[in-house]
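Please read the structure below before turning to the comments.
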Amino acid sequence: MTALITDEGIVTRWPAKAADRVLVLDFLAAKFETGRDYSEREVNDILKRHHSFGDWALLRRELFESGRFLRNPLTAIYRRVEDR
C-alpha cells in the first residue's frame, strides 16, 4: 500500500505529516462497522491487529479526537460515525 501501511494491512508507524495521519486514520476507521457499539477493549483489540508499533491508545484517542468515533464518557462505549 504505502510506506506507512504494509500489503498485509499493518500500520507501521504513526506519521509526522498531517496528510499521512488522515490516511492512517481513515484506513483504521474502515476496520469498524458504522452504527455498532464497541467497548474500549474491542476497539483496542482491533487496533492491535492493524498496527505494529504498540500504541493502540494513541490510535484510539486520535480516532475519537478526529471525529471518526464518538465515545460515551460514562460507559466508555465507542461508535464509528458515518463516513465524512
Side-chain angles (χ1 to χ4, degrees):
M1 288 188 87
T2 71
L4 295 170
I5 303 170
T6 68
D7 291 337
E8 294 78 28
I10 304 297
V11 177
T12 59
R13 64 181 172 83
W14 183 242
K17 291 183 181 178
D20 290 338
R21 288 193 298 267
V22 168
L23 174 80
V24 166
L25 291 173
D26 286 345
F27 170 79
L28 292 171
K31 303 300 178 192
F32 297 85
E33 298 174 38
T34 55
R36 178 174 172 239
D37 290 342
Y38 291 90
S39 68
E40 186 170 300
R41 177 178 220 160
E42 289 174 303
V43 172
N44 290 345
D45 289 345
I46 292 168
L47 292 174
K48 286 175 187 179
R49 289 194 304 263
H50 295 287
H51 85 289
S52 65
F53 55 92
D55 198 348
W56 58 89
L58 165 75
L59 298 173
R60 187 185 65 241
R61 187 171 48 252
E62 291 291 333
L63 287 166
F64 169 71
E65 289 179 0
S66 69
R68 289 168 177 81
F69 274 61
L70 299 175
R71 180 181 182 271
N72 182 319
L74 298 176
T75 62
I77 295 295
Y78 290 80
R79 179 180 283 244
R80 180 181 164 201
V81 298
E82 298 293 325
D83 291 334
R84 299 177 282 157

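Residue numbers run from 1 in the order of the sequence given.
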By the side chain to side chain donor-acceptor pair (under 3.5 Å) test, which pairs, at least two apart or in different chains, include something from residues 8-23?
Thr6-Glu8
Check Asn44 against Arg60 and note the closest heavy-atom contact, atom names and distance.
OD1-NH1, 2.5 Å
I'd like to check Ile5 versus His50 (side-chain heavy atoms, cut-off strictly below 4.5 Å). Are they in contact?
no
Closest non-hydrogen atom pair between Leu25 and Leu63, with its separation:
O-CD2, 3.7 Å
Set of residues satisfying side-chain hydrogen bond (donor to acceptor under 3.5 Å, both in side chains) with respect to Asp37, sequence neighbours excluded
Arg79
With sequence neighbours excluded, tell me which residues meet ring-ring contact (aromatic ring centres under 6.0 Å, His included) with His51.
Phe53
Minimum side-chain heavy-atom gap Phe27-Leu4 below 4.5 Å
no
Please report the closest heavy-atom contact between Ala29 and Arg68, naming both atoms and the distance.
CB-CD, 4.1 Å
Return the set of residues passing side-chain hydrogen bond (donor to acceptor under 3.5 Å, both in side chains) with Arg41 (not counting sequence neighbours), or none when no residue passes.
none
Show every donor-acceptor pair shorter than 3.5 Å between a side-chain atom in residues 69-76 and any protein atom, with sequence neighbours excluded, or say none if there are none.
{"unit_1": "Arg71", "atom_1": "NE", "unit_2": "Tyr78", "atom_2": "OH", "d": "3.0"}
{"unit_1": "Asn72", "atom_1": "OD1", "unit_2": "Leu74", "atom_2": "N", "d": "2.8"}
{"unit_1": "Asn72", "atom_1": "OD1", "unit_2": "Thr75", "atom_2": "N", "d": "3.2"}
{"unit_1": "Thr75", "atom_1": "OG1", "unit_2": "Ile77", "atom_2": "N", "d": "3.4"}

Can you list everything that forms a salt bridge (Lys or Arg N to Asp or Glu O under 4.0 Å) with Glu65? Sequence neighbours excluded, please.
none
State yes or no: do Phe32 and Leu58 share one hydrophobic cluster built from I, L, V, M, F, W and Y residues joined by side-chain heavy-atom distances below 4.5 Å, directly or via other members?
yes
